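Take a look at the structure set out below.
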Amino acid sequence: MTPQDSAARPNLWTRLQAIDRRWIYLVIWIVVMVPLLFPFPIKPKPTTPVEKLFSYIDTMPAGKALVISVDFTPDTRAELQPMIVALLRHAFATGRPVGVLAMAVYGLGLGEEALSQVTAEFNAHATTHEDSVINGEDYVFWGWTTPPLTVMLGMGERIANVFPVDYYGARTESLPIMRDLRNYDDVGVLVTVAASAMPRSWIVYGQTQFGVHLGCGITAVSAADFYPYVNSGQFVGMLAGMKGAAEYEQLVMERMAKNKMDWGLRNRGTEAMSSQTSAHLAIMAFIIIGNIGYFATRRRKS
Amino acid sequence: MLSCLVALLLCSISPPGNVAARDVPNDEGGNISVTWTRSPDTSVTSYRLLRQSEGAGEWETLGFVGRLATQYTDDAAANGRRYQYRVIAASPVETAESEPSEFAVASAQWYDTDTLPALVGTAILVFVFLYFINRAKRDRNLFIRRISGLDHVEEALGRATEMGRPTLYVPGLSSIADVATIASLNILGEVAKRTAKYGTPLIVPNTDPIVYTVAREIVKESYTSAGRPDAFTQDIVFFVTDQQFAYAAAVDGIMTREKPATNFLIGMFFAESLILAETGAATGAIQIAGTDAVAQLPFFITACDYTLIGEELYAASAYLSREPLLLGATKAQDYSKAIIVGLILLATLLALVANVSVNRFL
Amino acid sequence: MQRKLPLTIVLLTGIFGAVAFFVPHGAIRSVDSVFRNDVQRIIAAFSLVLGVGSIVQHHLIKIQRKATFWQYSWITLIGLLLTAIIGVFGGIDPNRPGILPTHIGSFSFHIQTIYSNMMVPLAATMFSLLAFFMSSAAYRAFRARNLEATLLLAAAFILMLGAVPLGRTIHRELPAFAEWILAVPNTASKRGILFGVELGVFATSLKIVLGIERGWLGGGGGK
Amino acid sequence: MNIATDPWVWIAAILTIAIFSFLYRENPFYRAAEHLYVGIANGYAITFYWHRILVPSLFDPVAHSPHFITKVWLIAIAIIGAFYFTRFIPKISWLVRIPIAILLGYGCGASIPRAVDAELIKQLQATIITRAHFAHWDTAAWAIIIFLGVIATVSYFFFSAERKGVIKPVSYIGVIFIMVGFGASFGYTVMARISLFIGRLQFLLGDWLGIIK
């Protein structure tokens, strides 16, 4: 804030020109925080890659499993965790068997968190055994093992060999769900949710060697890197960043409404997306105000 | 007829065929590539690779690959030894074994033929550079156009001197292996000569321990050559931490507490670029930035007064020092760019007019 | 000797580094990998000793001189010492405990706990300051002063609109247009810049290896 | 409200707030967090170098390697590394240059062919227009725009000629491409950075205060 800036006769615009940046910070803070506290969901229209993944999972042959690979760490949780939650809800709402594994060791906690959240949501509304979502019957959490190559190849042969015990310590062989979830043949689609290059490894090992169908959920920054794989059909669909997560949540909410599951669930991605939208709008408004001020001052000077 | 039937009953999946093994070319040896044609049966889930070294009499298992694979690289072959391979198709209930392959031998090569374009390209560029550097020894009047960021170095340092406030120099956040860091250290040498001359305090926080040692030597040398060895003190160049954001936090602290009048942010930067540049802008410092990290340039452009874009960073030490040999190299860079543009035009012309794919040769 | 020897070493290791790129043979590759791994890492470890020495000295001087805010230097020094003791003696792998216990009852102070509960939140928060800094930088710099500045502003604006659902509401093709800007003009400019950068890298490397650029030799004189 | 009871969550939350307070102004809380951060980061670096580099790559092999030559090799590297400490002995302080020269020489030498191979040749290949681009009008148009944009941008970086004649308008087009590219990169990154802040808020409001969950 140099003195020259305020030397001109201070009208509103010139004052805005030299506004203390802390006002900008305050506005950003408010517009991001308020939608998180008091969600006003903006309903995003799903884009093609998101719709593709949704309808692929929605129309998989009965009995085929959805496998989610948690390949990210807590630092990208805000963007990626909502994807896992939405995918789990979709699978449980449509009665798909679900398998969850983690390629990132720090992803274990994230997988566990998402599973306990979503299973609790479903079981809270369950009245019969059929309605409930039960560990070992409707879903399995295999946990983490390394190296990735061994996992990706081994799952093509026998998943129970790769993960002899699940995350909770039960022998995977003994779980009823594993009877129909032997290897990639029983997997309808495997969705890798990652902030790294892991989706590429899944293509190289899982897909080119076993032909497993893949989908991916990635951060907004890496979206451009993965578009080519969606266009070539190597990924049946893709969720990119919070926007992708929010769009998928919308589709899942519509599906659940159709299945009479209007439980008023919170959608972290959609909520965060309203924060995103308001932050983007605020920044754009700042740019516009700055320019109006700029032209107003310039006219005054000339 | 009967034997056929027995075979069918005993072995209902058919084995993979045409198993072939050959040395992987252009490597340091140790690798043999095995190829086969897949078993036609859909129940196959994977293929298992077996290897036998000549005379060993025993087949060892190497590993397995998915049912769609038709190739496997054995990366544990001893050079000069003869190996043969078998591929076994496996379904959940049974297996079928192929005929063994012919023998193959892994060997190391002294030249990687895949690098031929790089070799030719390197040779041409080295030649161009040596020619111009040599010519620069005779020609004392090589011209370099104005680079606005560098024209303002003196002015920015002068301002710091007038205001009696220090100058901050951030040599990037990468290691010495990053050539941008070296370019930055060269500029640091020139900046330090001037701060020594003007008697302006200089602050050089570092994030790479090796860069720290080099930066320290360079600044010391600059102070000596400016005739002020006494002005060089221990706390001009110091190491902070090798953690990106801890470093950013510390430099932000320095910027707001010491209030340098001039900030140089030159070298390799990552996401912290705008954290540094925006804090510097908020303290009212004149900021000169320079990086070849294309992803960070937009942030420096928006938050700094002057930004050296990409190659300008590499022309800077020639520009500031006016050393003929360095100017010659800058001239060579220009001619190399002309060659590249020429090549793009030529290759496009060939591709469009004669339908010759130049990419085949690259 | 004092200058000749380092310059000779630079020339020899430089030629080796370049040649190794073209030669796959094990004789060269194994030496190359020693350079890449052992030499790099061990020398870096020694330089870290100097680095840590530097930061410790920096703060000790501050304390000694009672410089402005010298009290805070104690925080750095104590934090450094405690973390190093816990880390070096407590072990880095939770499954292989070191000689120092890393928990009192259920309260863990293992180096990984410190990492995830202090370093990670600190880094994430520093990183997230960018949300604010981007806003203020955009406000200040995105003014339509001339054609270039206007284009910078317009491209940023369109990309921001394309990222939120509103963009699609304004025009159905807006997100696609945003993608096009990223894929076509942006690619062209990046590629053009990269050509220059790589030539600069090439030139600087060559100058160092040939001993034309010798600023890195620093002080101390000698022939 | 479901406020956290784990002391570590409280520590993380306090540190988070201390860093955010910098947005208002530099203050004692930020200063303390910053100094603490630098201290811990260095302590962690010492830990890391000790357990992940010195022990497995130097001490263990020197003590246990079956190959005598490996031991000699590693000890030699360690001695070269120790040259760094000659800085404190003025007489032989120039030996500091030896480890620097080794790293610098090797790094520069290795980057010479790589700059040509990985960047120059690959980028050149990608820029050439071929007949295949003319299969669709759009691929052809985009390829031509990229082609012209690359040439214009490269010409912006000509240093040895005054900007006049042909170079002037061409390099100006280059500037236009550069600016559009920078603007696009900036706008594209906003979302990711807001996400980071949302992540921190979710930590503060969720994990710590338990207001949202």
Side-chain angles (χ1 to χ4, degrees), chain C residues 2 6 9-10 13-14 17-18 21 35 39 41-43 45-48 50 52 72 75-76 79-80 83-84 87-88 92 111 117-118 121-122 125 127-128 130-132 134 148 151-152 155-156 159-160 163 181-182 184-189 191-192 194-196 198 201-202 205 208-209 220, chain D residues 8 12 15-16 19 23 31 35-40 42-43 46-47 49-51 53-54 57-58 77 81 84 94 97 99 101-102 105-106 108-113 115 119-120 123 142 145-146 149-150 153-154 157 175 177-181 183-184 186-188 190-191 193-194 196-197 200:
Chain C
Q2 302 190 4
I9 291 176
V10 161
T13 51
F21 177 79
F35 263 108
V39 173
R41 298 168 66 181
I42 293 172
I43 291 185
F46 276 93
S47 68
L48 184 81
L50 279 192
V52 172
Y72 293 88
I75 301 183
T76 300
L80 189 156
T83 317
V88 171
I92 200 168
I111 188 78
N117 292 293
M118 294 179 88
L122 281 165
T125 313
F127 200 178
S128 76
L130 281 171
F132 300 93
M134 287 195 96
E148 297 100 281
L151 286 171
L152 179 85
L159 262 291
M160 277 189 243
I181 295 179
L182 213 50
V184 178
N186 177 48
T187 303
S189 80
R191 210 174 271 165
L194 273 176
F195 274 126
E198 292 308 322
V201 167
F202 183 93
S205 303
I208 299 258
V209 171
Chain D
W8 279 114
L15 292 175
T16 302
I19 295 290
L23 290 171
R31 216 175 295 144
H35 280 81
L36 182 66
Y37 193 4
V38 170
I40 299 174
N42 275 295
I46 294 170
T47 307
Y49 273 83
W50 179 266
H51 287 290
I53 294 178
L54 285 178
S57 304
L58 184 65
I77 298 173
Y84 273 123
W94 64 274
R97 294 170 187 164
I102 291 174
Y106 177 78
C108 285
S111 68
I112 289 174
E119 298 295 339
L120 292 179
Q123 302 287 341
W142 308 159
I145 292 175
I146 290 182
V150 168
T153 310
V154 169
F157 292 101
V175 173
F177 268 93
I178 291 174
M179 287 301 164
V180 170
F186 192 107
Y188 181 61
V190 171
M191 185 155 195
R193 302 302 182 241
I194 305 280
L196 295 168
F197 177 48
R200 289 326 289 159

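Note that the coordinates shown come from a computational prediction; the quantities given were computed from them, not determined experimentally. Each chain gets a letter, A, B and so on, in the order its sequence line appears, and its residues count up from 1.
- For C/F132, the part sitting under 4.5 Å from any heavy atom of chain D is the side chain, from C-beta outward, and nothing else.
- For D/R31, the parts sitting under 4.5 Å from any heavy atom of chain C are the backbone and the side chain alike.
- Ranked by heavy-atom pairs under 4.5 Å with chain C, the first of D/P113, D/G149, D/P99 is D/P113.
- Annotation: D/Y84 is not in aromatic contact with C/F46 [ring centroid separation under 6.0 Å not met].
- C/L159 places none of its side-chain heavy atoms less than 4.5 Å from the side chain of D/F186.
- Note: D/G43 leads D/A12, D/A110, D/G43 in heavy-atom pairs under 4.5 Å with chain C.
- What you find for D/S57 and C/I42 is that their closest heavy atoms are O-CD1, 3.9 Å.
- For the atom pair D/I77 CD1 and C/R41 CZ, the distance stands at 11.5 Å (nearest 0.5 Å).
- Among C/L182, C/L194, C/L152, the residue making the largest number of heavy-atom pairs under 4.5 Å with chain D is C/L152.
- For D/L120, the parts lying under 4.5 angstrom from a heavy atom of chain C are both the backbone and the side chain.
- Distance check: C/L151 CG to D/I178 CD1 gives 12.5 Å after rounding to the nearest 0.5 Å.
- Of all heavy-atom pairs between C/S189 and D/G181, the closest is OG-CA, 3.8 Å.
- Of all non-hydrogen atoms in C/A188 and D/T153, the two that sit nearest each other are O-OG1, 4.1 Å.
- Between the C/T76 side chain and the D/H35 main chain, a donor and an acceptor come within less than 3.5 Å of each other.
- Smallest separation of non-hydrogen atoms from D/R97 and C/Q2: NH1-O, 2.6 Å.
- Looking only at side-chain heavy atoms (C-beta outward), C/N186 and D/V180 stay at 4.5 Å or farther from each other.
- Between C/I75 atom CD1 and D/Y37 atom OH the span is 16.0 Å, to the nearest 0.5 Å.
- Interatomic distance, CG of D/N42 versus CG of C/L80, reported as 5.0 Å (0.5 Å rounding).
- Contacts between D/I194 and chain C at a heavy-atom distance below 4.5 Å involve backbone atoms as well as side-chain atoms.
- Listed options C/A163, C/G192, C/S205, C/A45 were ranked by heavy-atom pairs under 4.5 angstrom with chain D; first place goes to C/S205.
- In terms of heavy-atom proximity, C/T13 sits nearest to D/G105 at OG1-CA, 3.3 Å.
- Only the side chain of D/W50 has a heavy atom closer than 4.5 Å to any heavy atom of chain C.
- Side-chain contact between C/M118 and D/L36 is present, with heavy atoms from C-beta onward closer than 4.5 Å.
- Heavy-atom pairs under 4.5 Å with chain D peak, among C/V209, C/I181, C/L50, C/V201, at C/L50.
- Note on C/V52, C/I92, C/V39: by heavy-atom pairs under 4.5 Å with chain D, the leading option is C/I92.
- Taking chain C as the reference chain and counting heavy-atom pairs below 4.5 Å, the highest number among D/W8, D/Y188, D/Y49 is found for D/W8.
- The two residues C/I43 and D/G81 make their nearest non-hydrogen contact at CG1-CA, 4.3 Å.
- For C/L122, the parts lying near chain D are the backbone and the side chain together; criterion is any non-hydrogen pair under 4.5 Å.
- Contact annotation for C/L48: only side-chain heavy atoms (C-beta onward) come within less than 4.5 Å of a heavy atom of chain D.
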